[in-house]
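Inspection log for the structure reproduced underneath, given as C-alpha cells.
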Amino acid sequence: MLQVKLPDGSSKEFNQPVRVLDVAESIGPRLAKATLAAQVDGKIVGVDTALPETGSVELRLLTKKDPEALAVMRHSCAHIMARAVMRLYDGVQLAFGPTTGEGFYYDFAMPHKLSEEDFPKIEAEMAKIIKQDEAFERLVEPRDKALAVVKDIQQEFKIEHIETGLGDHPTVSFYRQGEFLDLCRGPHIPSAGAVGAFKLTSVAGAYWKGDASRQQLQRLYGTAWFSKEDLDAYLERIEEAKRRDHRVLGKQLDLFSINPLVGSGLILWHPRGATVRGELETFVKHELQKRGYDPVYTPNIGKVDLYKISGHYPYYADAQFPTIKMKDHPNSIADAKAGKKAEEDEYLLKPMNCPHHIMIYKSRPRSYRDLPVRLAEFGTVYRFEQSGELNGMTRVRGFCQDDAHLFCTEDQVADEFRGCLEMTQFVLETLGLKDYRVRLSFRDKASDKYVGSPEVWDRAERELEAVCRTMTLPQLSIAYGEAAFYGPKADFIINDCLGREWQLGTVQLDYNLPSEQRFGLEYTGADNHPHRPVMIHRAPLGSMERFIGVLIEHFAGAFPLWLAPEQVRILTVSEKFNDYAKQVEKQLREVGLRATADYRAEKIGAKVRDAQLRLVPYMFVIGGREMEEGTVAVRDRIDGDVGALPVAQAIAKLREEIDTKKIRQVAKSFKPAAGAAAEANEY
C-alpha cells in the first residue's frame with residue numbers, strides 16, 4: 001500500500017500502481033486538468049511519473065500558480081523552439097536546451113546563421129506547435145538502444161554525450177512531441193497547449209559543453225510566461241534594466257572605466273565613482289569602530305605555501321592567477337661569500353584575505369581575555385574569472401572586499417555570529433535594500449570537496465541555524481551544497497527594484513582554518529591550557545565593485561544625497577552674479593558639502609538640463625533677487641523647485657538629509673522574477 005501525503009496535511013492511500021496524474025484525478029477533474037508537474041519528496045517530476053507502490057511519499061501538485069511549474073513550462077518551450085528551428089532550417093544539430101532564471105535557451109550547430117530577423121518566423125512556427133497541443137511523451141531506453149536511436153536520427157552531439165557524459169547511466173530518457181525526439185532528463189508539461197505567452201530575446205555564440213576548444217554553436221534565447229500580462233511586465237522590466245545598466249550609466253556619469261590596456265575585469269575608479277566608494281567605506285568603517293573592530297592592512301601577494309595551508313590553493317586553482325616564481329638572492333655579503341645560492345620562492349596574487357588575517361592573529365600569544373579579536377580590512381583580492389563571465393563591475397578579476405575575521409571562544413560564537421548578521425542587516429537597510437532573504441548555505445554530505453570532519457560540520461551547522469532562528473531574518477531557508485569548502489554560511493540575497501536577486505553580504509562560521517590540520521590557532525584559557533579559537537568570516541557588502549554596480553542599477557545612477565559624488569551644483573543666471581555664487585560655493589565646501597558651480601555663459605535652462613543629466617540631487621540657482629536677499633533658489637532633483645531659502649537654511653536642509661542618510665529616490669518597483677529553478681534540464 002502507498003500513502004500519499006498532501007501539503008494540507010491530508011493523505012490518500014492506494015493499493016494499485018498510480019501515477020502523479022492518477023492522484024490528481026482522485027482529488028478532482030479540475031485539479032487534474034490544471035496540474036502541470038509535481039514535487040515528490042522534494043524532486044520535480046512530470047505528471048506521468050509512476051509513484052512507488054509501497055511506503056509513503058510527500059506530494060505537491062504544481063499548477064500555473066507555482067513558480068516551479070513555470071520553470072518546467074519554460075523547458076518545454078525550449079523543446080518547442082528547437083522543434084520549430086528544425087522544421088525551418090536544414091542540417092540542425094541539437095546540443096543542450098536548459099532553463100535559465102527567467103527563460104530558456106537552446107544551443108544549435110547549423111549552416112544558417114541565426115539573427116533577430118529570423119525571430120518572427122521561428123515564433124510563428126512555435127505558435128503553430130503550441131496550437132496543435134501535442135503531448136510530451138517520455139521514453140526510457142537502455143543505454144545501448146538509446147545510442148542506436150540518436151545514431152539513427154544523426155544527432156552527433158547526443159551520440160557523444162551518451163557515449164561519454166552518460167557513460168555510467170544504464171538507462172536514459174527521451175521526450176517525444178510529434179516528429180520531434182530529444183534526449184532529455186525532463187520533466188515537461190503534459191502538452192504544448194499549456195505554454196502561455198513567449199518571445200525570443202537574443203542570439204549569441206557558445207561552445208559545445210562550454211569548452212572554447214570545441215565546436216562553436218549558436219545559442220538562441222527565449223522567455224515564456226503563463227500570461228501575456230506577465231510577459232509584457234517582464235519585457236518592460238528588461239527595458240528598464242537596459243536603462244539602468246551600470247556599464248552605460250558608469251560611462252554617462254563618469255564613475256568608472258575598464259581599459260583593455262590595463263586589463264579585462266580590472267576597474268579604474270574615476271573621481272566621481274571613487275567618491276561614492278569612499279563614502280561607503282567611511283560609513284562601514286565608522287560602524288566597525290563602534291562595534292569593536294580593529295583595522296589592519298595586508299599585502300596583495302603572498303607565498304603559495306600560505307594558501308596551501310588554508311586550502312585555497314589548489315581548491316580554487318582554476319580561478320586564480322598563475323603563480324609568480326622569484327629567486328630570492330642572499331641577504332648579505334657574508335652569505336654571498338659563503339656561497340649561499342639564491343632560493344626560488346613561489347608567490348600568488350591574494351585570492352582571499354583570511355590567511356593574512358590569521359597570520360596577524362598568530363603573530364603573538366593570545367589569552368582568553370583578548371578574545372574576541374575582530375580584524376577588519378578593505379582588502380583587494382584577485383580571481384582569474386573567464387573572459388566570458390566578466391560583466392562590468394559585477395564580475396571582475398580584481399576587487400575590494402569589506403572583509404573582517406573574528407576569532408572567538410566557542411562560548412562567544414552565538415553572540416559574535418549574531419552581531420555580524422545584525423551589522424549586515426543594518427548596512428543593507430541603511431542603503432534602502434530592505435527586500436532581501438537569508439539563505440543558510442550548508443554542505444552536501446555526499447560531496448568530498450569540504451575539509452574537516454563530519455562531526456565538526458554538523459556542530460557548525462547546528463550552531464549557525466540556532467542563532468538564525470532566534471533572529472528576525474526574512475525568508476530564512478537552507479540550501480545544501482552551497483557552503484564554503486571550510487564551513488557553513490549565511491548569505492544575504494537582495495532583491496533590487498527590478499526584482500532581480502543579488503547575493504551580496506555573507507557571514508561564515510569556520511572551525512577548520514583554525515584547526516591543527518590547517519593553521520593550528522591557539523589561545524590560553526582560564527585553565528592556563530591551550531584552546532582552539534573559532535573563526536567567523538564576514539563581509540556585509542561583499543565586494544565594493546559588485547555592490548556599487550548593483551547600487552548604480554538599483555538607484556538608476558541617482559544616488560541618495562549622502563552618497564552622491566556631486567551633492568549640489570550652483571547655477572548662475574548670468575555672469576553678474578558669479579562673485580556672490582563663489583561666496584556661496586565656499587560656504588558649502590566649508591561645511592563639507594560636495595559642491596560645484598556652473599559659471600558658463602549659458603542660458604539657465606541649459607545649465608539646469610546639464611545638472612539633471614548628471615543626476616545632481618540639488619541645484620542652487622542664483623540671480624539678482626537671490627544676491628540681494630542673501631538666498632538661493634533651491635531646485636530638488638525629485639521635488640523640483642522648492643523656493644528661495646537663506647543660505648544657512650538651505651545648508652541645514654541638506655545636512656539633515658545627509659546626516660540621517662535618507663533614501664528619497666523614486667525607484668521603479670517590480671515584483672521578483674517568477675520561475676524557481678526546477679529539475680528541468682537536458683542531460
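Both backbone and side-chain heavy atoms feed into the values below; hydrogens, waters and symmetry mates do not.
Side chain of Arg443 to backbone of Glu461: no donor-acceptor contact under 3.5 angstrom is found. Between the side chain of Arg374 and the main chain of Phe407, no donor-acceptor pair closer than 3.5 Å is present. The closest donor-acceptor contact from the side chain of Asn391 to the backbone of Thr394 lies at 3.5 Å or more, if one exists at all. Using a distance-only test at 3.5 Å, with no hydrogens or angles considered, a donor-acceptor pair links the side chain of Thr223 to the main chain of Glu102. A donor-acceptor contact shorter than 3.5 Å links the side chain of Arg614 to the backbone of Leu253. Between the side chain of Arg244 and the backbone N or O of His554 there is at least one donor-acceptor pair closer than 3.5 Å. Put simply, the side chain of Glu545 never gets that close to the backbone of Arg395: no donor and acceptor are under 3.5 Å apart. A donor-acceptor distance shorter than 3.5 angstrom exists from the side chain of Lys607 to the backbone of Arg600, with no hydrogens or angles considered. At distances below 3.5 Å, not a single donor-acceptor pair connects side-chain atoms of Asp636 with backbone N or O atoms of Tyr618. Not a single donor-acceptor pair under 3.5 Å links the side chain of His537 to the backbone N or O of Val507.
Counting heavy atoms from C-beta outward, Val568 and Leu654 have side chains that approach closer than 4.5 Å. Looking only at side-chain heavy atoms (C-beta outward), Met393 and Phe547 stay at 4.5 Å or farther from each other. A 4.5 Å side-chain heavy-atom check between Tyr580 and Val647 finds at least one atom pair inside the cut-off. Residues Glu657 and Lys662 meet the side-chain proximity criterion, which asks for heavy atoms closer than 4.5 Å. In this structure the side chain of Leu588 reaches within 4.5 angstrom of the side chain of Phe620, judged on heavy atoms. Under the 4.5 Å side-chain criterion, counting only non-hydrogen atoms from C-beta, Ile358 is in contact with Leu513.
Atom CZ of Phe492 and atom CG of Leu504 lie 10.5 Å apart (nearest 0.5 Å). Taking CG from Asn578 and OH from Tyr599, the interatomic distance works out to 6.5 Å, rounded to the nearest 0.5 Å. Atom CG of Asn259 and atom OG of Ser264 lie 10.0 Å apart (nearest 0.5 Å). Here SG of Cys400 is found 15.0 Å from CZ of Arg546. Values are rounded to the nearest 0.5 Å. Residue Arg538 holds its CZ atom at 11.5 Å from CD of Glu416, rounded to the nearest 0.5 Å.
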Check against salt bridge (Lys or Arg N to Asp or Glu O under 4.0 Å), Glu585 and Lys582: CA-CA 5 Å; Glu585 183 182 1; Lys582 289 177 181 178; over 6 Å; no

Trace of the salt bridge (Lys or Arg N to Asp or Glu O under 4.0 Å) decision for Lys489 with Glu482: CA-CA 9 Å; Lys489 56 181 180 167; Glu482 296 297 324; over 6 Å; no

Side chain to side chain contact (heavy atoms under 4.5 Å, CB included) evaluation trace for Arg74 with Leu70: CA-CA 6 Å; Arg74 285 172 174 163; Leu70 180 57; 3.5 Å; yes

Check against salt bridge (Lys or Arg N to Asp or Glu O under 4.0 Å), Glu553 and Arg247: CA-CA 9 Å; Glu553 298 197 3; Arg247 295 165 297 182; 5.9 Å; no

Derivation of the side chain to side chain contact (heavy atoms under 4.5 Å, CB included) call for Leu563 and Leu551: CA-CA 10 Å; Leu563 277 179; Leu551 281 187; 4.2 Å; yes

Intermediate values then yes/no, ring pair (Phe, Tyr, Trp, His ring centres under 6.0 Å), Phe283 and Trp562: CA-CA 10 Å; Phe283 163 58; Trp562 70 278; 5.5 Å; yes

Salt bridge (Lys or Arg N to Asp or Glu O under 4.0 Å) evaluation trace for Glu281 with Arg277: CA-CA 6 Å; Glu281 287 188 9; Arg277 172 173 165 167; 3.0 Å; yes

Side chain to side chain contact (heavy atoms under 4.5 Å, CB included) evaluation trace for Tyr382 with Asn300: CA-CA 8 Å; Tyr382 301 89; Asn300 288 350; 3.3 Å; yes

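Of the charged side-chain nitrogens involved, none lies within less than 4.0 Å of a carboxylate oxygen, so that Arg272 and Asp254 do not count as a salt-bridged pair. Between Glu239 and Arg243 there is no salt bridge, since no side-chain N of the basic residue sits under 4.0 Å from a carboxylate O of the acidic one. Using a 4.0 Å cut-off between charged side-chain N and carboxylate O, Glu628 and Arg625 make no salt bridge. Between Arg237 and Glu240 there is no salt bridge, since none of the side-chain N atoms of the basic residue sits less than 4.0 Å from a carboxylate O of the acidic one. In summary, Asp639 and Arg664 engage in a salt bridge, as defined by a charged side-chain N under 4.0 Å from a carboxylate O.
Taking each heavy atom of Glu566 and Pro617 in turn, the nearest pair found is O-CD, 3.1 Å. Taking both residues in full, the closest heavy atoms of Val413 and Glu463 are given as CG1-OE1, 3.7 Å, listed atom of the first, atom of the second, then distance. Of all the heavy atoms in Leu521 and Pro533, the pair that sits closest is O-CD, 3.3 Å. Leu464 approaches Ala490 most closely through the heavy-atom pair CD1-N, 4.2 Å. For the pair Pro565 and Leu255, the tightest heavy-atom approach, listed with the atom from each and the gap, is CG-CD2, 4.4 Å.
The aromatic rings of Phe321 and Phe384 lie perpendicular to each other, with more than 60° between the two planes, well past the 30° mark.
Annotation for Lys199: atom NZ does not count as buried by contact number, only 12 or fewer foreign heavy atoms lying within 6.0 Å.
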